[in-house]
Amino acid sequence: MNIPTKIAGRFPLFLSSDPLLPSSCSSLPSRGLRSLSLVPILHSRRLKPKMAWSLEKLDAAAFEVTQLGVVRPATEAQIDEAVEALRAGKVIAVPTDTLYGFTCDACSLEAVHRIYEIKGRKHTSPLAICVGDVPDITRFAVTDHLPHGLLESLLPGPVTLVLRRGDSSMLEKSLNPGLESIGVRVPDCNFIRGIARGRGSALALTSANLSGQPSSVSIKDFKNLWEHCAYVYQGGVLPSGCAGSTVVDLTRLGKFKILRSGSAREETVAILERHSLEEEGPSS
């Protein structure tokens, strides 16, 4: 799907000179590795971040644990490998368009529990899901109450949409039990979207860090957790500034509520208001 994110292209922070989780994140390019440069498949073409890592640097840093088979480049060539790891119930670490995250098959109860164990996270804290393309959202959440074109205006991009699951959701009841809503992401990052497409299902997704600790914009930020992952995919240093995605509740007809400002609040609110949604005030 070759749709550039509707938000990221207008973000000053995405035009930073820092390298991004990404390089070109819409449709999967068949570029892989060119000579000695690591070409990430992560961003919209309108983004032009510098690459944070050359293969020489990776040899010295990211691949220092190559004997363990842990670190891999986040390139198209690695997608099948990542899909197989998820199919086997493993947890992997991946770059997104905001932060590095831990991900697994959302329908694997054992793998989901493993993520909670790695992070030291309470099971009462829900996990979001990631899907490969915007139309996939309807398989897991209720969207028929939303204005036409809203989802495509927000996604792919650094936004998490909280939606009702509905009776027809394909999600396992064991994922976030007791909750009638689910946070859904379609990151502007071809690598994780390619993995979701290859798996043909939703991925559970959360930040790659210990619960309560700073988020990770580099794989070095969570080096102490590498050993718990089947693979750690290197996408460079991400310029999102640890803000994470903007989280917006869209469960009510004609209303929206920002639950976390994240990296895209201003642009997200502008899009929501352009589609005639009204912002809810703080809960009484």
Side-chain angles (χ1 to χ4, degrees), residues 1-11 13-15 20-29 41-47 96-98 106 128-166 168-171 181-203 205 240 244-280:
M1 184 173 180
N2 194 19
I3 301 176
T5 184
K6 306 303 185 298
I7 300 175
R10 298 195 294 276
F11 283 167
L13 65 88
F14 280 103
L15 300 179
L20 168 59
L21 120 164
S23 152
S24 153
C25 245
S26 281
S27 61
L28 287 172
I41 54 172
L42 310 167
H43 285 242
S44 170
R45 292 177 180 173
R46 64 180 72 179
L47 306 179
T96 71
D97 54 354
T98 53
I129 63 168
C130 166
V131 297
D133 297 289
V134 174
D136 296 332
I137 296 175
T138 59
R139 298 168 56 197
F140 306 100
V142 176
T143 64
D144 53 11
H145 64 297
L146 298 176
H148 178 72
L150 175 63
L151 293 178
E152 291 78 6
S153 295
L154 291 168
L155 303 169
V159 182
T160 299
L161 305 181
V162 177
L163 300 164
R164 288 182 292 111
R165 290 197 192 197
S168 61
S169 175
M170 297 177 64
L171 288 175
S181 60
I182 186 73
V184 184
R185 288 217 62 200
V186 183
D188 189 23
C189 171
N190 279 335
F191 187 66
I192 189 171
R193 291 176 65 196
I195 295 171
R197 291 179 187 129
R199 187 67 190 95
S201 182
L203 310 181
L205 179 64
S240 64
S245 64
T246 294
V247 181
V248 56
D249 185 336
L250 293 177
T251 57
R252 293 188 59 192
L253 178 64
K255 304 287 186 179
F256 74 89
K257 186 174 184 178
I258 300 296
L259 303 181
R260 183 176 72 191
S261 293
S263 59
R265 179 187 176 102
E266 182 179 347
E267 295 288 334
T268 299
V269 170
I271 290 172
L272 294 168
E273 291 180 343
R274 192 159 61 243
H275 284 81
S276 301
L277 269 65
E278 297 180 359
E279 184 168 9
E280 289 189 71

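From a predicted model like this one, the values you see are computed outputs, not experimental measurements.
Counting only distance, with no hydrogens or angles, the side chain of His275 and the backbone of Leu151 share no donor-acceptor pair below 3.5 Å. The closest donor-acceptor contact from the side chain of Thr246 to the backbone of Ser261 lies under 3.5 Å. A donor-acceptor contact shorter than 3.5 Å is absent between the side chain of Thr160 and the backbone of Val184. Without hydrogens or angle criteria, Thr138 side chain to Pro135 main chain gives a donor-acceptor distance under 3.5 Å.
A salt bridge links Asp97 to Arg185: at least one charged side-chain nitrogen sits closer than 4.0 Å to a carboxylate oxygen.
Considering all non-hydrogen atoms of both residues, Ser181 and Arg165 come closest at O-NE, 3.9 Å. Between Val134 and Pro156, the shortest heavy-atom distance links the atoms CG2-N, 4.5 Å. The minimum heavy-atom distance linking Ser263 with Thr98 is given by the pair OG-CG2, 3.9 Å. Residues Arg193 and Val131 come closest through the heavy atom pair CG-O, 4.4 Å. For the residue pair Val159 and Ser245, the shortest heavy atom distance occurs at N-CB, 4.0 Å.
Within the structure, every pair that satisfies the salt bridge (charged side-chain N to carboxylate O under 4.0 Å, His left out) test and touches residues 244-255, not counting sequence neighbours, is listed here: Arg252-Glu280, Lys255-Glu278.
By the 4.5 Å heavy-atom criterion applied to side chains, Ile182 and Ser169 are not counted as neighbours.
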